[in-house]
Amino acid sequence: MSLRIYNTLTRRKEEFRPLEEGKVRIYCCGPTVYDYFHIGNARTFVFFDVVRRYLEFKGYDVRYVQNITDIDDKIINRAHEMGISPKEVADRFTQAYLEDSRSLLIKPPTVNPKATEHIPDMIELIKRLIDKGAAYVVDGDVYFDVRSFPEYGKLSGRSLDDLLAGARVEVDERKRHPEDFALWKSAKPGEPWWESPWGRGRPGWHIECSVMAMKHLGETIDIHGGGIDLIFPHHENEIAQSETATGKPFARYWMHVAFLRAGGRRMGKSEGNFIFVRDALKRFKPEAIRLFLLSAHYRSPLDYTEERLAEAEGAVSRLRNCLLNLKRFGAEGKVKGELAEEERKLADALEELKGKFEEEMDDDFNTAGAIGAIFDFVSHANKFIAENQGRFTDNARALMREAYETLLKLTDVLGIYREERRSGDEELISKLIDLIVEIRHEARQRKDWATADKIRDRLAQLGIKLQDTREGTIWRFED
RNA sequence: GGCGACGUAGCCAAGGGGUAAGGCAGCGGCCUGCAAAGCCGCUAUCACCGGUUCGAGUCCGGUCGUCGCCUCCA
């Protein structure tokens, strides 16, 4: 099966062919670290995390780069507000970004390059652009001349004339054209600066990404993406700079994630309708947040409400219950001989799941469809368990084990289920709980319901949830 | 003004020419010492109008509504 990706550049779904067989290079525009990131930002980060995981699932060797913009006007402004240095602002929120990403179960990118660690490379690239006549210096600032790049507008589908007509920007008289953008900004008093051939200053935003992408992934990358708002001007400008400098296509597939909305409007810092990931995580499991963010196709807007997150929590529980049951009732072993009819059905459902999951994900990362396939199977599995509990055959147990392992793999692509890990201490705790459950079992056999209920209630208070089934009592930590 | 997205059950959402996945919620039933979980059953003609077609949420045209980009923003 082959993966198809909607390419913003061509406005079509295209078959995905990496530049180099078996390898994929992905660049996703990361945060500007002037504040914590909110779940609208997280939509993009989680989505690209899934893109990365799915490509790895398909066997690609993935190199995934997400930058950290740690020098920018917003950081400087925030520093003034907070009464600390821009570097302190950047360091603090870089740390927070790393923590929150981890909490959201985002796999660490192969590289998380920082803009400030690539200043010399940026200066080099700017020089190249000046040498090629595509950029010019004015009073210590350097601008890119958009008219020098005939294809300017190809990503966003605009012509320079369109832009001119709709321009709401105050025109800087020093620029040759209003659309020209800064590659290098001279430092005002009190601002952070680096030495450059044009005087002290700092890089413009767009050049950062071009440089970091090329530095860590090469001059042509496979997939480049970010939020839909970055199409113009950010990515348009990246293309202009990069392709002017190298003469090669900058990125082969451009992917853009639609907005998360709240209260009918785009979730954004300036709108004041956002919720930080770290705050959401205080109330909802990361799996639930991810499930919610992946519950709609990435190119469709998604509306945020707390209720939706609570619903996702319910769905995640359903999934987890099923996984735990399959794990508990499954057993090692090869399926032998003839399968009973229900077993056949379960085996078929499992095959269907595998096929459907890939089919959906191959179709431009249709995570919502993939989730549907997973839950469709959950229903089959639950039904199988309900109907056969108390009389599982060896084949049934082997099938359930297989189903468990498959489900584990697929849910891991989306990051919506985590096996509970046990530390050494927890191993001991587990054994103690097993013992208590056994004693409760004896009480139940004596019909000593008072004792049985007391044990169950008290364990529940400790966050340990018991369920009586025909196959015995199942317990789990309720986090 | 230019460019674009969206409108499918109570809520969310997949599907994108052949007769409506899935989740959440609700109601009724089953299982259970009770609980929890689960199972079974019930709940949609896809914003509206017109067209193409043997056949249209699915294609075309139009209308209405919502949102976005064009300025820092994932």
Side-chain angles (χ1 to χ4, degrees), chain A residues 8 11 28-32 34-35 37-48 66 72-74 77 153 156-159 161-170 179 205 225-234 236 256-261 264-271 274 291-292 295-297 299-303 305 307-308 310-322 324-325 356 360 363 366-379 381-387 389 444 447-449 452-453 456-457 460 465-470 473-474 476:
Chain A
T8 307
R11 294 152 199 260
C28 170
C29 287
T32 298
Y34 70 103
D35 205 344
F37 68 90
H38 58 66
I39 66 173
N41 304 313
R43 185 179 191 195
T44 298
F45 300 166
V46 166
F47 175 69
F48 277 97
Q66 186 181 40
D72 177 85
D73 292 0
K74 279 203 291 280
N77 293 338
S156 53
R158 306 155 201 257
S159 67
D161 296 336
D162 294 340
L163 289 170
L164 210 53
R168 284 192 256 148
V169 206
E170 262 182 64
E179 310 82 9
W205 178 37
I228 196 168
D229 52 328
L230 298 186
I231 294 175
F232 189 90
H234 186 52
E236 196 72 73
H256 296 279
V257 181
F259 288 128
L260 184 69
R261 300 192 298 205
R265 295 188 320 273
R266 156 183 194 179
M267 181 177 282
K269 296 262 168 64
S270 49
E271 299 276 3
F274 59 87
L291 185 79
F292 161 66
S295 68
H297 186 89
R299 284 188 284 112
S300 300
L302 175 64
D303 285 290
T305 63
E307 290 71 38
R308 298 286 335 274
E311 281 175 17
E313 199 81 65
V316 164
S317 294
R318 178 174 168 81
L319 179 63
R320 188 183 44 190
N321 282 326
C322 181
L324 288 172
N325 282 143
K356 195 86 203 293
E360 296 288 2
D363 183 13
N366 189 348
T367 52
I371 290 168
I374 286 172
F375 278 96
D376 201 15
F377 179 77
V378 165
S379 291
N382 282 339
K383 187 173 176 177
F384 179 82
I385 291 168
E387 286 173 357
Q389 206 169 77
R444 293 182 72 216
K447 296 199 191 299
D448 178 2
W449 309 126
D453 290 351
R456 186 174 59 196
D457 291 347
K465 220 169 184 178
L466 263 50
Q467 268 182 48
D468 298 321
T469 77
R470 275 184 225 152
T473 299
I474 294 176
R476 67 164 189 267

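In the text below, chain A, chain B and the rest are named by the order of the sequence lines, each starting its count at 1. Computed from a prediction, not measured in an experiment: that's the story for all the values here.
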**Student:** Need to verify one output field. Residue with the more 5' nearest nucleotide on RNA chain B, A:Leu260 or A:Asp376?
**Tutor:**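 Mapping each residue to its closest nucleotide by heavy atoms, the 5'-most match is A:Asp376.
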**Student:** Has A:Lys356 got its NZ or CZ under 6.0 Å from the middle of the six-membered ring of A:Phe377, at an angle within 45 degrees of the ring axis?
**Tutor:**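 No, A:Lys356 does not sit over the ring of A:Phe377.
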**Student:** To check you understand the geometry: which heavy-atom pair defines the closest contact between A:Arg456 and A:Asp468, and what is its length?
**Tutor:**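 Shortest heavy-atom contact: NH1-OD2, 3.8 Å.
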**Student:** Can you check nucleotides 13-17 of chain B for protein contacts, nitrogen or oxygen pairs under 3.5 Å, and list what you find?
**Tutor:**
residue	atom	partner	partner atom	Å
B:A14	OP1	A:His297	N	2.9
B:A14	O3'	A:Asn366	ND2	2.7
B:G15	OP1	A:Asn366	ND2	2.5

**Student:** Return yes if the base of B:C34 and the side-chain atoms of A:Asp468 contain a donor-acceptor N/O pair under 3.5 Å, otherwise no.
**Tutor:**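 When only heavy-atom distances are counted, A:Asp468 does reach the base of B:C34 through a donor-acceptor pair under 3.5 Å.
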**Student:** Closest-nucleotide mapping onto RNA chain B: is A:Ala258 or A:Asn321 further toward the 5' terminus? I mean the 5' end.
**Tutor:**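 Going by which nucleotide is closer to the 5' end, it is A:Asn321.
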**Student:** So if I take every side-chain heavy atom of A:Asp229 and compare against B:G38, B:A36, B:A74, which nucleotide ends up nearest?
**Tutor:**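 Out of B:G38, B:A36, B:A74, the nucleotide with an atom closest to A:Asp229's side chain is B:A74.
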**Student:** Counting only side-chain N and O atoms of A:Arg318, is one of them less than 4.0 Å from OP1 or OP2 of B:A25?
**Tutor:**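 False: A:Arg318 side-chain N/O out of range (4.0 Å or more) of B:A25 OP1/OP2.
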**Student:** Rounded to whole angstrom, note down the P distance from B:G1 over to B:G62.
**Tutor:**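 Looking at atom P only, B:G1 and B:G62 are 16 Å apart.
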**Student:** Could you tell me whether the phosphate oxygens of B:C39, OP1 or OP2, come under 4.0 Å of any side-chain nitrogen or oxygen in A:Asn382?
**Tutor:**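 Looking at the OP1 and OP2 atoms of B:C39, one of them is under 4.0 Å from a side-chain N or O of A:Asn382.
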**Student:** Taking B:G61 as the reference, what is the distance to B:A5 when you measure between their P atoms (whole Å, please)?
**Tutor:**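 Result for the P pair: 12 Å, nearest Å.
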**Student:** Quick one: side-chain contact (heavy atoms from CB on, under 4.5 Å) partners of A:Arg299, sequence neighbours excluded?
**Tutor:**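 Result, side-chain contact (heavy atoms from CB on, under 4.5 Å) vs A:Arg299: A:Tyr6, A:Lys13, A:His297, A:Asp364.
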**Student:** Using the C1' atom in both, what is the distance from B:U19 to B:C27, to the nearest Å?
**Tutor:**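 The same atom, C1', in both gives a distance of 28 Å.
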**Student:** Can you tell me the distance, in whole Å, between the CD1 atom of A:Ile231 and the C1' atom of B:C72?
**Tutor:**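 A:Ile231 atom CD1 is separated from B:C72 atom C1' by 17 Å.
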**Student:** Quote, to the nearest angstrom, the C1' distance that separates B:G18 from B:A56.
**Tutor:**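 About 10 Å, rounded to a whole number of Å.
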**Student:** Mind calculating the distance between CD (A:Glu179) and P (B:C70) to the nearest angstrom?
**Tutor:**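 In whole Å, B:C70 P and A:Glu179 CD are 14 Å from each other.
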**Student:** Write down the atom of A:Ser295, the atom of A:Leu302, and the distance for their closest heavy-atom approach.
**Tutor:**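 The pair with the smallest heavy-atom distance is OG-CD1, 4.2 Å.
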**Student:** Between B:A14 and B:U8, how many Å separate the two C1' atoms, rounded to a whole number?
**Tutor:**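 To the nearest whole Å, 10 Å.
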**Student:** Check for me: is A:Trp449 stacked on B:G33 by the 5.5 Å centroid and 30° plane-angle rule?
**Tutor:**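 Here the ring of A:Trp449 and the base of B:G33 are stacked, with centres under 5.5 Å and planes under 30°.
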**Student:** My understanding is that a pair needs two contacts under 3.5 Å, Watson-Crick or G-U wobble. By that rule, which nucleotide pairs with B:C31?
**Tutor:**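 Checking every strand shown, B:C31 finds no partner, since no pair has both distances under 3.5 Å.
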**Student:** From B:G68, B:C40, B:C34, pick the nucleotide closest to the side chain of A:Arg456?
**Tutor:**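 The answer is B:C34, which lies nearest to the side chain.
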**Student:** Is the backbone of A:Phe259 close enough, under 3.5 Å, to the side chain of A:Arg266 for a donor and an acceptor to pair up by distance?
**Tutor:**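 No; zero donor-acceptor contacts below 3.5 Å.
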**Student:** Would you mind telling me which of B:C72, B:C70, B:G23 lies closest to the side-chain atoms of A:Lys74?
**Tutor:**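 Closest of the options to the side chain of A:Lys74: B:C72.
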**Student:** With respect to the phosphate group of B:G33, does any side-chain polar atom (N or O) of A:Arg444 fall under 4.0 Å of OP1 or OP2?
**Tutor:**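 For A:Arg444, the contact criterion (side-chain N or O under 4.0 Å from OP1 or OP2 of B:G33) is not met.
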**Student:** What's the gap between B:C40 and B:C24 when it is taken at their P atoms, as a whole Å value?
**Tutor:**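 To the nearest whole Å, 13 Å.
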**Student:** Nearest to the side chain of A:Phe232, which nucleotide is it out of B:G23, B:C70, B:C31?
**Tutor:**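 Looking only at heavy atoms from C-beta outward on A:Phe232, the closest nucleotide is B:C70.
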**Student:** For a 4.5 angstrom cut-off between non-hydrogen side-chain atoms, does A:Arg444 reach A:Thr473?
**Tutor:**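 Heavy-atom side-chain distance check passes, below 4.5 Å.
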**Student:** Taking the side chain of A:Arg266 as its heavy atoms from C-beta onward, which of B:C24, B:C67, B:A74 lies nearest to it?
**Tutor:**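 It is B:A74.
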**Student:** Just to be sure I understand the rule, does A:Leu466 reach a base, reach only the sugar-phosphate, or reach nothing, if contact means heavy atoms closer than 4.0 Å?
**Tutor:**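 The answer is base, as A:Leu466 lies within the cut-off (heavy atoms under 4.0 Å) of a base atom.
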**Student:** Test your reading of the model: is there a side-chain donor-acceptor pair from A:Asp376 to the backbone of A:Gly372, 3.5 Å cut-off?
**Tutor:**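 Checked: no pair found.
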**Student:** It should be established whether A:Lys465 places a side-chain nitrogen or oxygen under 4.0 Å from OP1 or OP2 of nucleotide B:A37.
**Tutor:**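 No, no such contact exists.
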**Student:** Quick check: closest heavy atoms across A:Leu291 and A:Ala315, and the distance to 0.1 Å?
**Tutor:**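 Minimum heavy-atom contact is CD2-CB, 3.5 Å.
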**Student:** Rounded to whole angstrom, note down the P distance from B:G57 over to B:A25.
**Tutor:**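 Pairwise P distance, B:G57 against B:A25, rounds to 31 Å.
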**Student:** Take the protein atom CG of A:Asp73 and the nucleotide atom C1' of B:U71, then report the distance between them rounded to whole Å.
**Tutor:**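 Interatomic distance, CG of A:Asp73 to C1' of B:U71: 13 Å.
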**Student:** Distance check, P atoms only: B:C59 and B:G26, in whole angstrom units.
**Tutor:**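 That atom pair is separated by 36 Å.
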**Student:** Between A:Cys29 and A:Phe45, which heavy-atom pair has the shortest distance, and what is it?
**Tutor:**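 Heavy atoms only, the tightest pair is O-CE2, 3.9 Å.
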**Student:** Based on the glycosidic angle (syn within 90° of 0, else anti), state the conformation of B:G15.
**Tutor:**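 In terms of base orientation relative to the sugar, B:G15 is anti.
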**Student:** OP1 or OP2 of B:G23 sitting under 4.0 Å from any side-chain N/O of A:Ser379?
**Tutor:**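 Affirmative; the distance criterion is met.
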